[in-house]
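Note that these values count all heavy atoms, side chains included, but never hydrogens, waters or copies made by symmetry.
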Amino acid sequence: MPVLLHDTMTRETLPLLPRRADGTYGMYCCGPTVYGPAHIGNFRTFVLQDTLRRVLETEGLRVRHIRNITDVDDKTIRGAQAAGKTLAEFTRGWTEKFHRDCAALNLLVPHVEPGAVAHIPQQVRMIEALVARGHAYVAKDGSVYFKVCSCPDYGKLSHLDRSRLATQSTNSAGEANDADEYDRESAADFALWKARKPEDGANFWPSPWGEGRPGWHIECSAMSLEHLGATFDLHAGGVDLCFPHHENEIAQSECATGVKGFAAHWFHSAHLMVEGAKMSKSLGNLFTLDDLAAKGWSPMEVRWALLAGHYRSPLNFTFKGLEDARSALAKLERAADALLAAAGFSRAEFAPPSVNETQVTWGRFAAAWERLRDDLNVPGALGEAFKALAAPAADAAQARQDVAGLARLLHALGILPFQERPALAVPEAVAALAARRWEAKQARDFAAADRLRAEIAAAGWTMLDRKDGYDLRPS
RNA sequence: GGUGCGGUAGCCAAGUGGUAAGGCCGGGCUCUGCAAAAGCCCCAUUCGUCGGUUCGAUUCCGACCCGCACCUCCA
């Protein structure tokens, strides 16, 4: 039974099967533009892509995962100039930050992470092919545009009517489109190569059409061709990329190579809302992982919260949702501990299964896995997992099966249990009060202990007693 | 206007032509100097509205209402 996933192009839920003879499953994911820290909206998409990859690998497929880094565009150039750095220095810094965040969220490292700047020749070659085949034209200033009307099935992914694309004037985005208004033959045509402008600074490259830089869409076409070939299994991104980015990629790639069927399957994840509102800088709700860490939320709690909804529905990210995630994760960890104890295992033995393991054991988590395999239904899978966990294992043998199944399931979800939560910085005064209260409690001076508890509460902290000590957390 | 997604308990969120998973919160009990935690139990006669098909619909069909997203460079 293969993994099933909804496909944007056909609008059907289809099996995910490798098309290559060698059995590898090639997936290309549109990665970040590295001009600042990625926010949780970006990470919802990357977490979902990572989860899909994990599910495919758990199913036994050998996945080849490509995720690009966009390291040249208006935003990166402006950012580098504002920071007084070269483009390469600037984007390297943000790429490294991105990698740290990905690691914290337990995202598997892609097999290749190609960058646009490192693939200029490939992009130029593809543009040359498009010009040679009559799918692109050179404008007066040396920019090159893709001729949308030369591609009869343009619009097949987003199901947009081509006749409307060129003529529409009342759409919401029509107004703010001056940046690329050079001298296109049609409003629907898009830039493949942008002629050098003064504001580009040192960021230009030679080409047959003069100095300049590649347009945005062409990088993914060139890099997917370079690393996966003219056709490959799956292409992923956020819903916003469906049009025009992915539509343009299809047009460029298929027209340049002459091979139809650029990507066999399209995986788009819905956007994230924050506290019921669209994320935007003006609302100040563009949280980064660091923002959330500063408020005491661990990356695993964030990952859980980001996975809490089905990928095709918009997810409303809230602090209540993070609290839910924290409680649910803690509950899962307790249940896992109980299972480990029943099986006679230690936490160290709660390891993900090896990829080549032939004996696939799901124990009582088979139903959860079925959910996951059917259109990446994470909420359904979690529901089944908790249902399975509600009753204790019948005996040690079942507990051992369950441990294997749960470990496998959590590995597929990328959930790492038993992570240390980062300790919050406790103010010295509060720490001192807590120490005094602990002493008072040990001396059974409960009146003093209660008084100190109240003082700690007044300072905004809650003291939680354990048998052998205590924890402090902001109240 | 076009295209798409969705409206299920206080919140989040699955799901099915046969009578509503799960998580969070809340309530009760047990345990416990107190507090918290934990364990156990309880918590939607009902699935946006109105029709239709059906022995039976939340699930299929139609209409309507509401929300959201995209419609040229935002994951």
Look at the aromatic rings of A:F287 and A:F319 and report parallel, tilted or perpendicular, splitting at 30° and 60°.
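Judged by the thresholds at 30° and 60°, the geometry between A:F287 and A:F319 is perpendicular.
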Hey, are A:D465 and A:R437 close enough for a salt bridge, meaning a charged N less than 4.0 Å from a carboxylate O?
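The answer is yes: the pair qualifies as a salt bridge.
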Would you tell me if any nitrogen or oxygen in the side chain of A:K331 comes within less than 4.0 Å of OP1 or OP2 on B:rC24?
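Looking at the OP1 and OP2 atoms of B:rC24, one of them is under 4.0 Å from a side-chain N or O of A:K331.
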Under 4.0 angstrom between A:R67 side-chain N/O and B:rA75 OP1 or OP2:
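Checking A:R67 against B:rA75: no side-chain N or O falls below 4.0 Å of OP1 or OP2.
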Taking the ring centre of each residue, are A:H227 and A:H119 less than 6.0 Å apart?
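Yes; A:H119 has its ring centre under 6.0 Å from that of A:H227.
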Only distances under 3.5 Å count here; give the side-chain donor-acceptor pairs of residues 455-462 of chain A to other protein atoms, sequence neighbours excluded, each with its distance to 0.1 Å.
none

Name the closest nucleotide to the A:D324 side chain, picking from B:rC11, B:rA13, B:rA69.
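Of the candidates, B:rC11 comes closest.
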Member of A:R53, A:E113, A:H111 meeting the side chain to side chain contact (heavy atoms under 4.5 Å, CB included) criterion with A:R67:
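The passing option is A:E113.
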Heavy atoms from C-beta onward define the side chain here; which of B:rA38, B:rC71, B:rG15 lies closest to that of A:F243?
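Among B:rA38, B:rC71, B:rG15, the one nearest the side chain of A:F243 is B:rC71.
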Would you tell me whether A:S143 and A:D141 have side-chain atoms, one donor and one acceptor, within less than 3.5 Å of each other?
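The answer is yes; a qualifying pair exists.
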Centroid-centroid under 6.0 Å between A:F317 and A:F43 rings
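Centroid separation for A:F317 and A:F43: 6.0 Å or greater.
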What stems, by residue range, does RNA chain B take part in, given at least 3 consecutive Watson-Crick or G-U pairs under 3.5 Å?
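Result, WC/G-U stems under 3.5 Å: B:1-7 with B:65-71, B:10-12 with B:22-24, B:26-30 with B:38-42, B:48-52 with B:60-64.
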For nucleotides B:rA21 and B:rU30, find the distance between their P atoms and express it as a whole number of Å.
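It comes out at 29 Å once rounded to the nearest Å.
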Pairwise P distance, B:rG27 and B:rU19 [rounded to whole Å]
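It works out to 33 Å between them.
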Considering only residues two or more places apart or on different chains, which pairs with a residue in residues 238-250 of chain A satisfy salt bridge (Lys or Arg N to Asp or Glu O under 4.0 Å)?
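Every pair satisfying salt bridge (Lys or Arg N to Asp or Glu O under 4.0 Å) with a residue in residues 238-250 of chain A: there are none.
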Counting any heavy atom closer than 4.0 Å, what does A:L272 reach on the DNA or RNA strands: base, sugar-phosphate only, or nothing?
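Since a base atom lies under 4.0 Å of A:L272, the category is base.
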Take atom CZ of A:R444 as the centre, draw a 6.0 Å sphere, and report whether it contains more than 12 heavy atoms from other residues, nucleotides or ligands.
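12 or below, so no.
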Give the nucleotide from the list B:rC24, B:rA38, B:rA21 with an atom nearest to the side chain of A:K387.
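Selected nucleotide: B:rA21.
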With sequence neighbours excluded, give me every salt bridge (Lys or Arg N to Asp or Glu O under 4.0 Å) pair touching residues 304-321 of chain A.
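For residues 304-321 of chain A, and leaving out neighbouring residues, the salt bridge (Lys or Arg N to Asp or Glu O under 4.0 Å) pairs sorted by first residue read A:R312-A:D375, A:K320-A:D324.
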Of the options B:rC74, B:rA14, B:rA75, whose atoms approach the side-chain atoms of A:H271 most closely?
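Of the candidates, B:rA75 comes closest.
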Between A:R466 and A:F386, which has a closest nucleotide on RNA chain B that is more 5'?
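Comparing both residues, the 5'-ward one is A:F386.
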Give A:H310 one of three labels, base, sugar-phosphate or nothing, depending on what nucleic acid heavy atoms sit under 4.0 Å from its own.
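Here A:H310 touches the backbone only, sparing every base.
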If you check the A:R371 side chain, which of B:rU72, B:rG22, B:rA14 turns out closest?
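Ranking B:rU72, B:rG22, B:rA14 by closest atom to the A:R371 side chain puts B:rA14 first.
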Among the candidates B:rG23, B:rA36, B:rA69, find the nucleotide nearest to the side-chain atoms of A:L464.
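Nearest to the side chain of A:L464 among the choices is B:rA36.
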P spacing across the pair B:rG23 / B:rG62, given as an integer number of angstrom:
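Straight-line distance between the two P atoms is 36 Å.
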Closest to the A:R334 side chain, choosing from B:rG22, B:rA38, B:rA14:
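Looking only at heavy atoms from C-beta outward on A:R334, the closest nucleotide is B:rA38.
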With a 4.0 Å cut-off on heavy atoms, is A:G237 in touch with a base, just the backbone sugar-phosphate, or nothing at all?
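If one applies the 4.0 Å heavy-atom cut-off, A:G237 turns out to touch the sugar-phosphate alone, with no base involved.
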Expressed in whole Å, how much space separates the C1' atoms belonging to B:rC70 and B:rU53?
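35 Å, rounded to whole Å.
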Pairwise P distance, B:rU58 and B:rG67 [rounded to whole Å]
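Approximately 25 Å lies between the P atom of B:rG67 and that of B:rU58.
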Taking A:D50 for the side chain and A:L107 for the main chain, is one N or O donor matched with an acceptor at less than 3.5 Å?
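The answer is no, because no donor-acceptor pair under 3.5 Å joins these two groups.
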Separation between the P atoms of B:rC40 and B:rG6, rounded to whole Å
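My reading of the P atoms in B:rC40 and B:rG6 gives 36 Å.
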Over how many whole Å does the gap from A:F190 atom CZ to B:rC71 atom P extend?
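Rounded to the whole Å, the gap is 16 Å.
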When rounded to the nearest Å, what value does the distance between C1' atoms of B:rC55 and B:rC65 take?
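Looking at atom C1' only, B:rC55 and B:rC65 are 31 Å apart.
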Strictly under 3.5 Å: I want the nitrogen or oxygen pairs between protein and nucleotides 31-34 of chain B, one per line.
{"residue": "B:rG33", "atom": "O6", "partner": "A:R437", "partner atom": "NH1", "Å": "3.0"}
{"residue": "B:rG33", "atom": "N1", "partner": "A:D450", "partner atom": "OD1", "Å": "2.9"}
{"residue": "B:rG33", "atom": "N2", "partner": "A:D450", "partner atom": "OD1", "Å": "2.7"}
{"residue": "B:rG33", "atom": "N2", "partner": "A:D450", "partner atom": "OD2", "Å": "2.4"}
{"residue": "B:rC34", "atom": "O2", "partner": "A:R453", "partner atom": "NE", "Å": "3.2"}
{"residue": "B:rC34", "atom": "N3", "partner": "A:R453", "partner atom": "NH2", "Å": "3.2"}
{"residue": "B:rC34", "atom": "N4", "partner": "A:D465", "partner atom": "OD2", "Å": "2.6"}

Pick the closest RNA chain B nucleotide for A:L241 and for A:D189 by heavy atoms, then say which residue is nearer the 5' end.
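Its nearest nucleotide being more 5', the pick is A:D189.
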Tabulate protein N/O versus nucleotide N/O from nucleotides 5-10 of chain B, keeping only pairs under 3.5 Å, one per line.
none

I would like to know whether A:H217 and A:F146 meet ring-ring contact (aromatic ring centres under 6.0 Å, His included); could you show each step before the answer?
CA-CA 11 Å; A:H217 312 296; A:F146 184 87; 10.0 Å; no
Remember a base hit wins even if backbone is also touched, and classify A:G383 as base, sugar-phosphate or nothing at under 4.0 Å, heavy atoms.
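If one applies the 4.0 Å heavy-atom cut-off, A:G383 turns out to touch a base.
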Of the listed nucleotides B:rG23, B:rU3, B:rA69, the one nearest the side chain of A:H159
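So the side chain of A:H159 is nearest to B:rU3.
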Verify the contact: side-chain N or O of A:R326 to OP1 or OP2 of B:rC24, cut-off strictly under 4.0 Å; return yes or no.
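Checking B:rC24 against A:R326, no side-chain N or O comes under 4.0 Å of OP1 or OP2.
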Is a donor on one side and an acceptor on the other found under 3.5 Å between the side chain of A:H265 and the backbone of A:L5?
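The answer is yes, because a donor-acceptor pair under 3.5 Å joins these two groups.
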I'd like the P distance from B:rG48 over to B:rC25, given in whole Å.
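One P to the other, the span is 26 Å.
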NA contact type, A:N377, heavy-atom cut-off 4.0 Å: base, sugar-phosphate, or nothing?
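The answer is sugar-phosphate, as A:N377 gets under 4.0 Å only of primed atoms, P, OP1 or OP2.
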